Amino acid sequence: MKFELVTVSDNSRARAGKLFTAHGTIETPIFMPVGTAGTVKGIHTRDLKDDIQAQIILGNTYHLYLRPGMDVIEKAGGLHKFNGWDKPLLTDSGGFQVFSLGDIRKLSEQGAKFQSHIDGSYHQFTPESVIDIQRIIGADIMMAFDECTPGDADYEYAKKSMELTHQWLDRCFMQFNNTLPKYGYQQSLFPIVQGSTFADLRKLAVARVKNTDADGYAIGGLSVGEKEEVMYEMTEVVTADLPENKPRYLMGVGTPENILESIDRGVDMFDCVMPSRNGRNGMLFTSNGKINIRNKKWENDHSPIDEMGISFVDNYTKAYLRHLVISNEMLGAQIATQHNLAFYLWLVKTAREKIIEGNFVSWKNEMLIKLKQRL
RNA sequence: GGGGAGUUUCCAGAGUGGCUAAAUGGGGCAGACUGUAAAUCUGUUGGUAAUACCUUCGGUGGUUCGAAUCCAUCACUCCCCA
């Protein structure tokens, strides 16, 4: 995998780049739609590619391992073949599930024991097994197994948690280096910087993680309960120390505002369930602000969802979409998801253009005002 | 014609003397959602000058300190038998 910096802003840390993978080139900054169970919920790969213009999507180790299981994925020839997405793919390692499945998981130095959220059965993930699974899935970018430290962790916990993540990181790379890709193309492994809300831990984590000389670096453990300013501060601390010539991936972030602010602080890659989940729940991100499409005020608003017309679904009217969402028609969730994802991809694509043109910061400031609005 | 059951707040439907502005579900209205245990969850849903008062359980009249709840009567709905 190769990363090429195209432009770096002179009045901000924002960067435009190109990431070359076995399944195609990704133009950064980029937003990666989340397709946890091998699908971006409600969206066909055709629309993902042609309409939304996604360049890379996610899958999840934990979910795919539980269902359909590695046997099926391997027989399919990997996830690309299984779900028909032939562009770049990134898999999360299950580290976030260590955090989000808190009640049904047990941590040890060896790994994490999970209880399946599907049938309650017990499973163990180790740094080694997580690499093996991601080899079978065949993701272009695999993530190291980490503990996603909660945002309200105290210093002692954050430090211990970070150290565990570092031990696991070494084992991940060991397993990575001792195994080969299964489908004949190169895969990369990204380490994850933890350290919670403590700048000194974050700096330690970056220094430690840089030793791996990986193809890219991720920032984890943010937007997990801490304040927004803290998230920005930590992002800055981390990007300041990460190598310039490698992509930086801020995991799980965020709102359109978060993304612009983080691009400004030198982040290149993002993923978040927000556009898809909130879309399913009736919330739209538009070029003029946020919309709760269930609200009565849209009942007779027969204007397009978003007059900017980024996606073909933007031609559906607010009144019609409101009707679909309120009636619990599945097309409502599909349209809203498709619109939101198209908007997110438009946002990062435009950010890239502005970085290259040299006026990212002023554009960002204009956008932030619009994005804050609630329609 | 004979016998029986019923009428409750937007809907369905509990409630058979005070703890009832009235369970529960639906619908309505609003909010949340950040590496997806989520097509999910939460709040609210008679009115107002609102730690109180007013109006409300088919209509009217009564019993009672007190009635959605008991009695009388009228209206309407449904079921069974002719």
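A note on names: the letters A, B, ... follow the listed sequences, proteins ahead of strands, and every chain is numbered from 1. Every value quoted in this text rests on a predicted model; they were computed, and no experiment measured them. The figures here come from the full heavy-atom set of this structure, side chains too, leaving out hydrogens, waters and symmetry mates.
At least one side-chain heavy atom of A:Phe20 sits under 4.5 Å from a side-chain heavy atom of A:Lys18. In this structure, the side chains of A:Tyr65 and A:Ser129 stay at 4.5 Å or more apart for every pair of heavy atoms.
The listed nucleotides are B:G31, B:G35, B:A37; the one nearest the side chain of A:Ser100 is B:A37. The side chain of A:Val253 has B:U34 as its nearest neighbour among B:A39, B:U36, B:U34. With distances taken from any side-chain atom of A:His63 to the nucleotides B:U34, B:U36, B:C33, the minimum falls on B:U36. For A:Asn292, whose side chain is taken as the heavy atoms from C-beta onward, the closest listed nucleotide among B:A39, B:G35, B:G31 is B:G31. Taking the side chain of A:Arg277 as heavy atoms from C-beta on, and the options B:G35, B:A30, B:U36, the nearest nucleotide is B:U36. Distances were taken from every side-chain heavy atom of A:Gln97 (C-beta onward) to each of B:A37, B:G35, B:A39; the shortest belongs to B:A37. Here B:U36 is the nucleotide among B:U36, B:A37, B:G35 with the atom lying nearest to any side-chain atom of A:Thr36. The side chain of A:Ile326 sits closest to B:C29 out of B:G35, B:A39, B:C29. Checking B:A38, B:U36, B:U40 against the side-chain heavy atoms of A:His117 singles out B:A38 as nearest. Side chain of A:Val273, nearest nucleotide from B:C29, B:A32, B:U34: B:U34.
Stacking of A:Lys246 on the aromatic ring of A:Tyr217 is not recorded, the 6.0 Å distance cut-off and the 45° axial limit not both being met.
The distance between the ring centers of A:Tyr122 and A:Phe114 does not fall below 6.0 angstrom.
Positionally, the nearest nucleotide of RNA chain B for A:Asn278 lies more toward the 5' end than for the other of A:Asn278 and A:Gly59. Toward the 5' end of RNA chain B, the nearer of the two residues A:Leu222 and A:Tyr62, judged by each one's closest nucleotide, is A:Leu222.
Applying the 90° cutoff around 0 to the glycosidic angle, B:A21 is assigned anti.
Atom NZ of A:Lys296 and atom P of B:G31 are 14 Å apart (whole Å). Counting to the nearest Å, the P atom of B:G31 and the CE atom of A:Met283 are 10 Å from each other. Between the P atom of B:U34 and the CG atom of A:Leu347 lies a distance of 19 Å, rounded to the nearest Å.
OP1 or OP2 of B:C29 sits under 4.0 Å from a side-chain N or O of A:Arg322.
In terms of heavy atoms, A:Gln115 sits closest to A:Tyr62 at O-OH, 3.8 Å.
Only the C1' atoms considered, B:U51 is 26 Å distant from B:C65, to the nearest whole Å.
With no hydrogens or angles considered, a side-chain donor-acceptor pair links A:Arg135 and A:Gln187 at under 3.5 Å.
Counting distance only, with no hydrogens placed and no angle test, the side-chain atoms of A:Asn60 and the base atoms of B:G35 include no donor-acceptor pair under 3.5 Å. In this model, no side-chain donor or acceptor of A:Arg374 finds a partner on the base of B:G31 within 3.5 Å.
Base engagement by A:Asp146 is indicated by at least one non-hydrogen atom pair under 4.0 Å involving a base atom. Residue contacts for A:Ile192: at a heavy-atom cut-off of 4.0 Å it reaches a base atom on one of the strands shown. Using a 4.0 Å heavy-atom cutoff across all strands shown, A:Arg67 reaches no nucleic acid atom at all.
Across every strand in view, B:U55 sits unpaired, with no contact that passes the Watson-Crick or G-U test at under 3.5 angstrom.
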